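We're numbering straight along the sequence, starting at 1. Note that this is a predicted model, so its numbers are computed, not measured.
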Amino acid sequence: MLLTRLSFSQDVTPQNPVPVDSVIKKAPLIENRAKADSVRRAFSPKKATIRSAILPGWGQIYNHKYWKLPIIYGALGVTAGVFIYNLQTYRDLRFAYAAKYKASITPFDSTDYRLIKPIYLAYDANALRIYRDEFRSNIDYSVLVFFLFWGLNVVDATVDAHLKLFDVNPDLSFKMKFGPSQMAGTTGLSLVLAFNKH
């Protein structure tokens with residue numbers, strides 16, 4: 001099958017149609033290769049990954065995406081705050097449960113009973129044990145969420161460093177066309193990537 005290639009000097013009219021598949025051509029070479037290489041060296045995905053893994057937000061600083069820092073530290077700060085709250089409440093409930101349990105069995109030991117926080121005095125030992133176990137599992141969940149956000153911070157820095165050289169040039173066009181494909185010899189939906197030259 002013979003395909004005609006589109007040249008920019010060619011007159012495309014209804015009498016002189018150009019097949020859809022012939023619009024695709026190679027991208028023009030990067031004019032300043034040294035500049036592209038310097039950008040590639042300046043934003044190494046490996047460095048961004050390592051820095052974000054060591055300290056959250058360091059990879060974003062490396063990528064010059066400072067606006068992401070409040071989001072990262074907000075997410076990590078909230079989960080750290082939830083962890084601290086769960087841990088403190090768990091310790092208070094554990095102490096209250098142990099004190100009430102020791103005061104309820106023989107020999108009765110009520111030395112720790114008066115040290116229970118007033119909010120937990122109204123609960124019996126069984127309720128305190130249930131709440132203690134619930135807050136123990138909440139501690140595990142808050143740790144998992146904290147490390148999940150830390151991991152997302154690493155992934156974000158890595159992907160952002162990889163996309164530094166992503167071409168968003170307006171000369172690129174991507175179109176979907178329905179019709180015959182002379183290259184495949186069928187009719188259907190074609191995806192056409194074209195490079196416009198001014």
Side-chain angles (χ1 to χ4, degrees), residues 36-170 172 174 176 191 193:
D37 289 340
S38 68
V39 171
R40 191 176 288 113
R41 279 192 304 272
F43 297 102
S44 167
K46 184 178 179 182
K47 287 182 182 177
T49 303
I50 292 170
R51 290 176 184 197
S52 279
I54 293 171
L55 180 68
W58 193 9
Q60 283 72 18
I61 293 171
Y62 173 75
N63 291 332
H64 303 296
K65 294 295 176 85
Y66 305 107
W67 63 271
K68 293 182 179 180
L69 291 177
I71 298 169
I72 291 167
Y73 283 107
L76 292 175
V78 167
T79 53
V82 170
F83 168 76
I84 292 167
Y85 169 76
N86 286 331
L87 183 63
Q88 186 60 50
T89 307
Y90 166 74
R91 287 175 176 168
D92 292 341
L93 287 166
R94 184 181 61 184
F95 178 81
Y97 170 70
K100 283 206 171 193
Y101 181 76
K102 284 191 285 185
S104 66
I105 60 169
T106 55
F108 300 108
D109 181 11
S110 62
T111 54
D112 291 340
Y113 191 85
R114 55 193 163 83
L115 299 176
I116 297 174
K117 287 189 174 180
I119 191 172
Y120 302 122
L121 288 173
Y123 298 103
D124 65 348
N126 191 38
L128 289 171
R129 181 179 55 80
I130 292 170
Y131 288 137
R132 179 202 66 186
D133 294 343
E134 185 178 329
F135 274 91
R136 180 65 188 90
S137 64
N138 288 346
I139 290 170
D140 296 338
Y141 292 138
S142 57
V143 168
L144 285 174
V145 171
F146 181 84
F147 283 113
L148 174 69
F149 281 133
W150 194 309
L152 288 174
N153 146 69
V154 173
V155 169
D156 174 69
T158 306
V159 170
D160 196 33
H162 271 293
L163 294 178
K164 282 293 181 183
L165 285 179
F166 187 73
D167 191 1
V168 290
N169 192 331
L172 295 175
F174 186 71
M176 291 194 302
L191 301 175
L193 178 64

Has S137 got a side-chain atom pairing as donor or acceptor with E134's backbone, closer than 3.5 angstrom?
yes
Going by side-chain contact (heavy atoms from CB on, under 4.5 Å), name the residues that satisfy it together with [X], two or more places apart in sequence or in a different chain.
X    : answer
I50  : K46, I54
V159 : V155, L163
R94  : Y90, R91, R132
F95  : D112, L115, I116

State, yes or no, whether a side-chain contact exists between F149 and L152 at a heavy-atom distance under 4.5 Å.
yes
Do you know which two heavy atoms are closest between [X] and [Y], and how far apart they sit?
X    : Y    : value
P56  : L76  : CB-CD1, 3.4 Å
N153 : G57  : OD1-N, 3.2 Å
A48  : A157 : CB-O, 3.6 Å

Side chains of residues 64-72: which donor-acceptor pairs under 3.5 Å do they make with residues two or more places apart or in other chains?
from: H64; atom 1: ND1; to: Y66; atom 2: OH; distance (Å): 3.1
from: K65; atom 1: NZ; to: D160; atom 2: OD1; distance (Å): 3.1
from: K68; atom 1: NZ; to: D156; atom 2: OD1; distance (Å): 3.0
from: K68; atom 1: NZ; to: D156; atom 2: OD2; distance (Å): 3.3

I need the full list of salt bridge (Lys or Arg N to Asp or Glu O under 4.0 Å) pairs touching residues 119-130, with sequence neighbours left out, sorted by first then second residue.
none
How long is the straight-line distance from CG of N138 back to OH of Y85, given to the nearest 0.5 Å?
9.0 Å
Enter the distance from I119:CD1 to L93:CG here, rounded to the nearest 0.5 Å.
9.0 Å
With I139, which of T89, N86, V82 fulfils side-chain contact (heavy atoms from CB on, under 4.5 Å)?
N86
In short, ring-ring contact (aromatic ring centres under 6.0 Å, His included) pairs touching residues 113-142 with sequence neighbours left out are Y123-Y131
Return the set of residues passing salt bridge (Lys or Arg N to Asp or Glu O under 4.0 Å) with D133 (not counting sequence neighbours), or none when no residue passes.
none
Listed partners of K117 passing side chain to side chain donor-acceptor pair (under 3.5 Å), at least two apart:
D92
Which residues pass the side chain to side chain donor-acceptor pair (under 3.5 Å) test with T49, not counting sequence neighbours?
T158
Counting heavy atoms not belonging to Y73, are there more than 12 under 6.0 Å from its OH?
yes
Which residues pass the ring-ring contact (aromatic ring centres under 6.0 Å, His included) test with F146, not counting sequence neighbours?
W150
